[in-house]
Amino acid sequence: MNKITTIDQLNEIKKKYLAENGKYKFNILVCGGGGCVSSNCQEVDDAIRNELNALGLNDQVNVFQTGCMGICAVGPVALILPERIFYTQLTPKKAREIVNRHIVGGEVCEEFTFFDKSLQRFVPCIDDIEFFKLQTKLVLENCGMIEYDNIDAYIAKDGYVAAGQSILEQNPEKVIVEVEKSGLRGRGGAGFLTGVKLRSGFMQKSDVKYMVCNADEGDPGAFMDRSVIEGDPHSVIEGMILSAFAIGASQGYVYIRAEYPIAIDRLKEALNQAREYGLLGENLFGTKFSFDLDIRIGAGAFVCGEETALLASIEGKRGEPKQKPPFPFQQGLFKRPTIINNVETLANIAKIVRNGGQWYSGFGLPNATGTKVFALAGDVVNTGIIEVPIGTTIGSIIYSIGGGIPNKKQFKAAQIGGPSGGCVTKENLNTPADYDSLNKIGAIMGSGGLIVMNEDTCMVDTARFFMDFIRDESCGKCVACRVGTKRMLEILEKITQGEGKKGDIELLEEIGETIKLTAMCGLGQTAPNPILSTIRFFRNEYEEHINKKHCRAGVCSAMFTSPCENTCPANINISGYVSLIAAGRFQDAYNLIMQENPFPAVCGRICTRPCESKCRRRGVDEAIAIRDLKRFVVDYAFKNEMPWKVQMTFPKKKNMKIAIVGAGASGLTCAHYLVNIGYDVDVFESEIKAGGVLAYGIPEYRLPKDILQHEISLIEEEGVNVYLNTEIGRDISFKQLREDYQAIYVSTGTQFPQKINIKGENLDGVIHGITFLKQIHLEPNFKLRGTVAVIGGGNTAIDSARTALRIGAEKVIVVYRRTIDQMPAYFEEIVEAQEEGIEIMELVAPLQFVDDGKGRVKSIECVRMELSDFDSSGRRKSVEVKGSNFMLDVDFVIPAVSQYADLPFIGKNEIGQTKWGTFVTNPENMMTTMDGVFAGGDIVRGPEDVISAIADGKKAASSIDLYLGGNGLLNKGQKIEIPSVYDDDEIVYHKQFDKEMLPPNHRKNTFDEVVLGFHKLNAIEESMRCLHCERR
Amino acid sequence: MVNLIINNKNITAPEDSTLLEAAKQNGIIIPNLCYLEGVHEFGSCRICSVEVVGAKTLMVACMTKVKEGMVVYTNSAKVIKARKVLYELMLSDHSKACLSCNRNLTCELQKLGETLGVEENRFETTSCRTEIDKSISITRDLSKCILCRRCITVCNEVQGVGILNAQNRGFDTLISPAMDLPIGDVKCAFCGQCTVVCPTGALRETDSTEKVWQAINNPNKRVVFQTAPAVRVALGEMFGYPVGTSVTGKMAAAIRALGVDDVFDTDWAADLTIMEEGMEFLHRVTDVLADKKATLPMITSCSPGWIKYIESYYPEQIPNLSTCKSPHMMLGALAKSFYAESKGLDAKKMFVVSVMPCTAKKFECTRAEMQNDGLKNVDEVITTRELGSMIKQAGIDFNNLPDEKFDEPMGFSTGAADIFGLTGGVMEAALRTVYAILMGKNLPFENLHVTPIVGLNQIKEATIKLEGVLPQYKQFEGLEVKIAVTSGLAGAKILIEQIKNGTSPYHFIEVMGCPSGCICGGGQPRSHDPELRKKRMSILYAEDENKHLRQSHENPSIQKFYDQWGSPGCYKSHEYLHTYYVDRSGKNN
């Protein structure tokens, strides 16, 4: 092969390659990226070739392997041109079928194409896939599109033209100027201006200079550089040639970690090809400029990504950083001026020189131009490699490109910048991914690792993980990093093991700040970032670990028996009662639940069951039906006998009186526990029935009245006095209450409907949700008719809709301004509602309720909404689509957006309240700012679930006892022996066992209970599915 | 000069100076630990961190160069806090057995804690390094190592031996020979320079005092002490004397007060060495001039660290070494033969202790060939530091002792012997005698000092042209004797590489294993006085100059000895005063 010395020769090669390629009818591009290699893309490639061979189609179809296409989660993948059909999760069998149906038959095998989980459909054409649509590929332009192992393919994409022209013109200045104009900043993490770097390299006076490529990508979960080298090695080589030419270096090194064998092989091959063409070696393009490039393989020490340590490693020394200055550009490799750039930075250079710096600066932001490649990993649907213009928000990267969080879990945080970076929380989802914005929130751009974490991630444990990594990777040269990281890790380990103590957080901050200030190199200076960042955003989680020995994510297993119990606000011994059910001891199971929760029948029906979301069985097939098992034992106990009373030991009377305001779940729970440790308890309820929102806010078909009243009556039988129809402030003054009672527990809930505040809200026919539900309760014969629109997406909205349907509405429409999957209502309630024929109109908001001229609502003026950026809860905001207004004719409207609290009996200035009207309480003991007055449930939390209200009531009972001089121990009855029912046999896959339910067409006209619960045999079987995480 | 502001004070400093230096020159002390002026600028302890306005992090003063307009705070609250936390971290990985540590009250880490006003110790100690590695010469206690790495710099860069280095990574880092072998199992020269620079008790000489105490307290033992020339110029530092004080008389008195029977002076043996080595040199040159087989250049053999080094790394160059034992070995050999006979003592009951500025001599005295008549020439070697400790242990009021003299017959020495303790001294002493013998007149240098080889440069050389030699040595007429002197093994390596490559122009080379020679040997008191080397050197020269007799062959005691013994280089001399060497290249140690 003749050495290339002219641009014409390059053009010749391009022409020839394209002509060769043009002969084929189809091109099949099989992804040969690292991810697909590990999912056996070679088998798929072989299968395609063999099948084409067998069919004699070799001359019509060109099959070749490319670098990473990006969407590693669904590998192995292949792209068929010219139709641009993108096939995913291939197997040899599928591949053969595709050859036959697609290539031979001309039919797209849709079921093998990309499945969009949020759209719930297949998207065959690559250009229609959201993941690809929103990306801008400059660095990755060739990656996944050309043969990685053919220099001609690179040349056909105008490769080496930039190098050729620059070298032939003998004008290094021009290269530097273009890079300067482009505004390119180093992609390795620090974001130093590449042009400035090249310029300073150029200015150094030295007979020998070096150009070094840093491919020591070491962040856990990051594989951008690897993908570039594997998919488009020549772009890096050309970037190196241009940079070396700019600074006047004749030798270059690519320092790459040994853990990247594929990248090393492909790069070696590319270097050989470039040498063969004379693009590396002596006298490039026939000029005096010589440049050669060698690979240096690093042993995989993270610190060797730090430039001075990297250089030491190339020199054959211990990979340790040096104090800067002198900087490498002054005194680098072998004490000569050396410029070091990261792979991605270098991969940009040729394009910048070819298209001009001006062109490049058109992408991204003014002070952070171009694009950035990110490695999306963790709890995100589309894991893989992406490239976006700098400044794209983290939220759109995660949700729009990444497809959001799988398994309906909540987004918690994203770690950006690896172990040197920080976390981005849901409040910061609109933060643009650029150097400065990320710095502001304590994170860094880093090299592009982006690890998404869901609600099941413990932030303390995450911090511990990163610190463990850093401690392991610290080189040990300077005290700050060597000992500091070890001590921080030890503290974090103690915290996650439940041995944290007061002052630990402050100590972590103190060491962290010291390390940041005093460590020698970048590794050390950024080592505390994940910890400081998680403390900044999740300090409460640290505090919970230390003060309450509680890990809300259910990760730090030293602090709990099982994830379900850990998650239950009331700490019910779930694994215990599941074991008892499996052993057939239903009565004991009931008693065990009653120890922690006096409303098991209620919770067995309407609990939000946070426990099930953390059930480890989810990882196998499906969570244990914990709530339904609870309901089963309660129903069983109620049917058979009432053992609870018998079991209780009658407490010694203390002769102290406690008043409880509000006979809801929280108040009654508190009363139950207090009376059982000897207090006299009086409960005051303004309504005519006890139960609070359970009684009038939840429709009968979900929670039958007699079930609720039965549980309340059990509490009354224990000696609790419930005074109905007695309103504090009207019938008894609060002042009187404080005089007569030693302590007061306020649990009045949030009983007032929040207005939407639009025109027409006072018209006839507009009934607010909570008022509506209450009315049904008090006036059983209340009827609706015609079309009923419900506004809102919470449980009250869905309850109102389903109730409306049951009392005569012909058509019920739920109008919600976001999408269905963002509705806060229980998922199964939404499904059941839809089954009953209720229409849900998503992305619609009411503008006004229109008068029929007689003071009655006639229609709603609505507007279509669309999703935009993220709000502080991590949900996308919905914004109006201008001009999309329409009228919705209705007979009734039920706005059900939220509730608020308003307590006329306590002056707003007398007691600490939040701006939402809820009480401020001491989180340690639930006391309000008023001495002896405790509060809990929704009046403190705002509208929340019943199990939290119960948990509050229980905790308040303990706190009140402590307040009144007791020991705070509650009387929960006798200890119940839990049988060991461990099954050491292998797991049998089985989803939840079936429960009995009323059919939709039957239930929509009655208030009969919809869910009928487990059959006894199914309950036992269901309980046997438990994996028994409590085993240690 | 550069203008900058430190702690709101305008100062100027030479370009290229560090913040630490600039501050110091202006009366601002910045605490530091790992830094060792002129030797170790490494930045591992971060204690000298200071605030430089505009910098993202604190900057280490020991390695940050001054810049025009720099604004620096060396004592802001931020800096003081950071230093304390760093100190606490360092302490958390350090054995806290201060009260039972050899370095108690001389520990730099301990002193730093006091300087920084550290009052907290919030971390439980979990150190991965617990083992104690005891070799003949050097003991390593890694539980006390703070990884400042001074020892590594000294071993690798100053001495060029490179047996110590950092192993493992991060918190598991430890300083050790390769593969964590015991230091006695690798080709360590035992020069002990690492023990001098170690700021804590992690590196020290292996203790020999216990055995010496036992001998002194054994009524059946006649204990003979001898002290090397360099000991007397440094021992005083351990008793509060300023660096550069000679305490010869007090030292002799103190040793006697320990209960020692004979207090001899290794200086006497130094004079003797010159006689033996001078003769050996003359013989070699004579043989070469007569085309007979002899190896040149001849290299001095007084420095046991150097001997072990050449045996380990350049065994093929062993023939270049003088066969003379080192002076204290000669003295030991003679104490148990010549002296014992003359006094009618039972040599078997004699216990010879050498007080040396050297750790390698502990190894040397255990060498199999260092014995005569079945008795070790020297039984134990203690360092200057160990002698100081013994004097303290014995409750001797050193500072108020009257000066005493060494015992005869091995107590009198010439000025030539004094300068044995410093680089160039052995060569100069040898030249004085050899020249006088050949020429019948004194060396033609002012004050008898061969000026080109005086001083602290790494390699020094001189040429002395012999014109007008005595008739019996006429074959030397016109010879230009080329000599070289080096101290420190890195310099020795350069000279020996020349020999190995056949490019060495020299006839005679003096090598001392420690930089500056024995005055800064591995067993000397540790000091950070920047003028230390010069001060110690100047006293030895003064001792020399203050003596009436300054050439070894003029020592009447030596002359008297040879009257009874024979002549330099005689058979008996070869038996007792010369030795042979071992190829240690194939094995460790």
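Keep in mind that the numbers below use all heavy atoms, side chains included, and drop hydrogens, waters and symmetry copies. Protein chains get the first letters and strands the later ones, always in sequence-line order, with residue 1 at the start of each.
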Requested in this report: Against chain B, label A:Ile470 side chain, backbone, both or neither, depending on which of its atoms sit under 4.5 Å from a heavy atom there.
Outcome: neither
Query raised in the report: Crowded around B:Met1 CE? As in, over 12 foreign heavy atoms under 6.0 Å?
Result: yes
Requested in this report: Can you measure from OG1 (A:Thr514) to NZ (B:Lys81) and round to the nearest 0.5 angstrom?
Outcome: 7.0 Å
Query raised in the report: Got more than 12 heavy atoms from elsewhere within 6.0 Å of CD1, B:Ile29?
Result: no
Report task. Examine the side chains of A:Arg487 and B:Ser92 and answer whether a donor and an acceptor come within less than 3.5 Å of each other. Result -> yes
Query raised in the report: Take atom NZ in B:Lys96; do more than 12 heavy atoms of anything else shown fall under 6.0 Å from it?
Result: yes
Query - Other residues, nucleotides, ligands: >12 heavy atoms within 6.0 Å of B:Glu119 CD - result: no
Query - Whether B:Arg169 side chain and A:Gly476 backbone form a donor-acceptor pair below 3.5 Å - result: no
Requested in this report: Please lay out, stage by stage, how A:Lys516 and B:Leu58 fare under the test side chain to side chain contact (heavy atoms under 4.5 Å, CB included).
Outcome: CA-CA 9 Å; A:Lys516 278 184 84 152; B:Leu58 300 182; over 6 Å; no
Query raised in the report: Where on B:Gln167 is there a heavy atom nearer than 4.5 Å to chain A: the side chain, the backbone, both, or neither?
Result: backbone
**Report entry** Least distance between heavy atoms, A:Cys478 atom then B:Gly43 atom
**Finding:** CB-O, 4.1 Å
Query raised in the report: What part of A:Ala301 lies closer than 4.5 angstrom to a heavy atom of chain B: side chain, backbone, both or neither?
Result: both
Query - Interchain contact, A:Ser474 with chain B, by part (heavy-atom threshold 4.5 Å) - result: both
Query - Audit row: A:Glu513, B:Lys78, salt bridge (charged side-chain N to carboxylate O under 4.0 Å, His left out) steps and yes/no - result: CA-CA 10 Å; A:Glu513 289 299 339; B:Lys78 194 166 157 186; over 6 Å; no
Query - Contacting region of A:Arg318 [heavy-atom separation from chain B under 4.5 Å] - result: side chain
Query raised in the report: Side chain, backbone, both or neither: which part of A:Glu320 has a heavy atom under 4.5 Å from chain B?
Result: side chain
Requested in this report: Return the minimal non-hydrogen interatomic distance between B:Leu89 and A:Val483, and the atom names on each side.
Outcome: O-CG1, 3.1 Å
Requested in this report: Answer yes or no: does atom NZ of B:Lys24 have more than 12 heavy-atom neighbours from other residues, nucleotides or ligands under 6.0 Å?
Outcome: no
Report task. Taking atom NZ of B:Lys65 as the centre, report whether more than 12 heavy atoms of other residues, nucleotides or ligands fall under 6.0 Å from it. Result -> yes
**Report entry** B:Arg149 versus chain A, the contacting section by heavy-atom distance below 4.5 Å
**Finding:** side chain
Report summary line: Minimal heavy-atom distance between B:Leu86 and A:Val479, with the atoms involved, is O-CG1, 3.9 Å
Query raised in the report: Rounded to the nearest 0.5 Å, how far does OG1 of B:Thr64 lie from NZ of A:Lys324?
Result: 13.0 Å
Query raised in the report: With a 4.5 angstrom heavy-atom cut-off, which part of A:Lys477 approaches chain B: side chain, backbone, both or neither?
Result: both
Requested in this report: Drop me the distance from B:Met63's CE to A:Met520's CE, to the nearest 0.5 angstrom.
Outcome: 6.0 Å
Report task. Quick one: which of A:Glu473, A:Lys322, A:Gln525 has the most heavy-atom pairs under 4.5 Å with chain B, could you say? Result -> A:Glu473
Query raised in the report: Taking the side chain from B:Arg46 and the backbone from A:Thr518, do they hold a donor-acceptor pair closer than 3.5 Å?
Result: yes
Query raised in the report: Can you tell me how far the CG atom of B:Asp93 sits from the NZ atom of A:Lys486, to the nearest 0.5 Å?
Result: 9.0 Å
Report summary line: Output for pair (A:Ile511 CD1, B:Arg122 CZ), nearest 0.5 Å, gives 7.0 Å
**Report entry** Part of B:Ile146 lying under 4.5 Å from any heavy atom of chain A
**Finding:** backbone
